[in-house]
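Only one structure is covered here, and it is reproduced in the block below.
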There are 2 protein chains.
Amino acid sequence: MVKRTSFEGDSCPIARSLEALGDWWSLLIIREALFGVRRFGEFQSRLGMAKNILAARLRSLVDHGILATAPASDGSAYQEYLLTPKGRGTFPILVALRQWSEEFDDHPEEIATILVDRARGRPVKKLEMRAEDGRLLSPADTTLKPRPARRRSA
Amino acid sequence: MVKRTSFEGDSCPIARSLEALGDWWSLLIIREALFGVRRFGEFQSRLGMAKNILAARLRSLVDHGILATAPASDGSAYQEYLLTPKGRGTFPILVALRQWSEEFDDHPEEIATILVDRARGRPVKKLEMRAEDGRLLSPADTTLKPRPARRRSA
DNA sequence: GCAATCTAGTTTCATCATGCAACTAAGGAG
DNA sequence: CTCCTTAGTTGCATGATGAAACTAGATTGC
């Protein structure tokens with residue numbers, strides 16, 4: 001087998017996420033969907049990507065439960081693609097990618113938009129990692145533990 | 001040109017991040033680096049990837065300023081790959097991917113590890129988006145604004 | 001000091017994925 | 001009924017990926 005390696009059976013949750021999101025287009029499609037884009041043609045024109053690739057990605061995202069198809073809301077007989085809760089759950093990932101670019105990009109002047117709190121128009125605060133009790137954590141303050149087996153009584 | 005589209009000139013910071021991180025292996029290499037992996041052979045054996053691909057990815061990550069090469073710390077004449085601050089700055093992205101998988105994966109029992117606060121051994125809190133004043137924000141509470149032009153006097 | 005081995009790659013070649021362009025079939029507009 | 005739009009699929013050229021073989025310099029054993 002020379003095909004692209006799949007992370008589907010991998011036990012690492014990061015690899016498992018990448019299995020669904022880790023190609024060049026999926027996260028950008030989700031970004032558009034979060035902006036309210038629903039129709040095939042609108043994804044295609046806004047992202048400027050080839051239609052066959054878009055069709056393949058949409059199918060993959062539906063298969064992974066990130067998008068779902070529904071009859072078009074404008075009354076036409078076409079369908080639209082809507083984010084599921086799992087799809088909306090990717091929002092922190094997109095925010096993390098955005099903030100990383102804002103902080104470390106070599107040409108930040110080329111970044112066109114900033115994410116702001118709608119009520120105040122002020123930038124969203126940097127994502128931070130905290131312990132259950134609220135202490136701010138750095139990478140070095142964390143470690144990995146084996147996942148505890150699920151108890152039957154729970 | 002039929003080559004893979006590049007997001008390098010794109011004005012969206014998410015696309016720009018994906019330019020550096022958006023392939024199948026880069027984030028996993030960074031994950032290992034965060035665990036302290038530094039040497040070519042150790043990346044290769046832990047990730048189980050082809051050596052030519054690993055060499056290409058390491059070169060790309062160095063080019064993007066995410067890794068830097070340094071003489072090996074064990075005194076040998078080989079070199080090692082160390083995360084730069086920009087590389088360590090990807091940690092929230094990895095945490096976001098991990099938490100998304102933990103929350104939405106269809107087979108969570110296959111996930112082997114959980115990320116915990118080292119001091120208490122308790123799971124890290126979910127990343128949350130907050131306004132400058134600390135208010136918790138949902139995706140709908142945010143919007144995009146054009147980036148303000150940088151003032152010269154600043 | 002020299003042969004054997006290890007490390008960190010590069011090269012080769014087969015296969016897969018991506019992307020453009022052309023094609024198609026069902027819907028809608030007039 | 002005819003034309004245009006939407007949402008795809010198909011074909012083909014090219015780039016990316018991966019397994020395996022190869023290589024050069026570093027290290028180790030003796």
Side-chain angles (χ1 to χ4, degrees), chain A residues 1-10 15 18-29 32-33 36-64 67-82, chain B residues 1-10 15 18-29 32-33 36-64 67-82:
Chain A
M1 268 198 298
V2 199
K3 56 170 59 171
R4 181 151 84 174
T5 55
S6 158
F7 302 129
E8 201 171 352
D10 199 297
L18 292 175
E19 177 69 24
L21 307 171
D23 66 271
W24 286 83
W25 291 110
S26 292
L27 282 168
L28 296 178
I29 291 170
E32 296 301 324
V37 173
R38 304 172 164 205
R39 293 285 283 267
F40 185 94
E42 204 178 357
F43 283 112
Q44 206 262 320
S45 62
R46 294 186 48 132
L47 290 169
M49 64 191 292
K51 301 202 293 180
N52 53 344
I53 308 294
L54 175 58
R57 286 289 159 273
L58 288 173
R59 208 174 308 137
S60 161
L61 289 168
V62 169
D63 287 348
H64 280 98
L67 294 176
T69 52
S73 52
D74 62 1
S76 75
Y78 297 113
Q79 62 175 0
E80 42 185 44
Y81 296 90
L82 297 176
Chain B
M1 266 195 300
V2 199
K3 54 170 60 170
R4 183 155 80 175
T5 55
S6 158
F7 302 128
E8 203 170 352
D10 199 297
L18 293 175
E19 178 70 22
L21 307 171
D23 66 273
W24 286 83
W25 291 111
S26 291
L27 282 167
L28 296 177
I29 291 171
E32 295 302 323
V37 173
R38 302 172 164 205
R39 293 286 282 267
F40 185 94
E42 204 178 356
F43 283 111
Q44 205 262 320
S45 62
R46 295 186 48 131
L47 290 169
M49 64 192 291
K51 302 204 291 182
N52 51 346
I53 308 294
L54 175 59
R57 286 289 160 272
L58 288 173
R59 210 173 308 136
S60 161
L61 289 168
V62 169
D63 287 348
H64 280 98
L67 294 175
T69 52
S73 52
D74 62 0
S76 76
Y78 297 114
Q79 61 174 0
E80 39 185 47
Y81 296 89
L82 297 176

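Both backbone and side-chain heavy atoms feed into the values below; hydrogens, waters and symmetry mates do not. Every chain is numbered from 1, with letters handed out A, B, ... down the list of sequences.
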> Does a nitrogen or oxygen in the side chain of A:Arg39 sit under 4.0 Å from OP1 or OP2 of D:dA7?
Replying inline: yes
>> Among A:Arg38, A:Arg46, A:Arg57, exactly one meets salt bridge (charged side-chain N to carboxylate O under 4.0 Å, His left out) together with A:Glu32. Which residue is that?
In response: A:Arg46
>> Check the orientation of A:Phe7 and B:Trp25. Use parallel for under 30°, tilted for 30 to 60°, and perpendicular for over 60°.
In response: perpendicular
> A:Trp24 or A:Asn52: which one's nearest nucleotide on DNA chain D is closer to the 5' end?
Replying inline: A:Asn52
> Within the structure shown, what part of the strands sits under 4.0 Å from B:Gln79 by heavy-atom distance: base, sugar-phosphate, or nothing?
Replying inline: sugar-phosphate
> How many Å lie between OH on A:Tyr78 and P on C:dA29, as a whole number?
Replying inline: 9 Å
> Base, sugar-phosphate alone, or nothing: which one does A:Phe43 contact when heavy atoms must sit under 4.0 Å apart?
Replying inline: nothing
> Where each residue is assigned the nucleotide of DNA chain C containing its nearest heavy atom, which of A:Gly75 and A:Met49 is assigned the position nearer the 5′ end?
Replying inline: A:Met49
>> Walk me through whether A:Phe40 and A:Lys51 qualify under side-chain contact (heavy atoms from CB on, under 4.5 Å).
In response: CA-CA 9 Å; A:Phe40 185 94; A:Lys51 301 202 293 180; 4.1 Å; yes
> Nearest heavy-atom pair of A:Arg39 and A:Asp74: which atoms, and what distance?
Replying inline: NH1-OD2, 3.1 Å
>> Both A:Ala55 and B:Lys51 contact DNA chain D. Which one's nearest nucleotide lies toward the 5' end?
In response: A:Ala55
>> Please compare A:Ala50 and B:Arg59 by the position of their nearest nucleotide in DNA chain C and report the one closer to 5'.
In response: B:Arg59
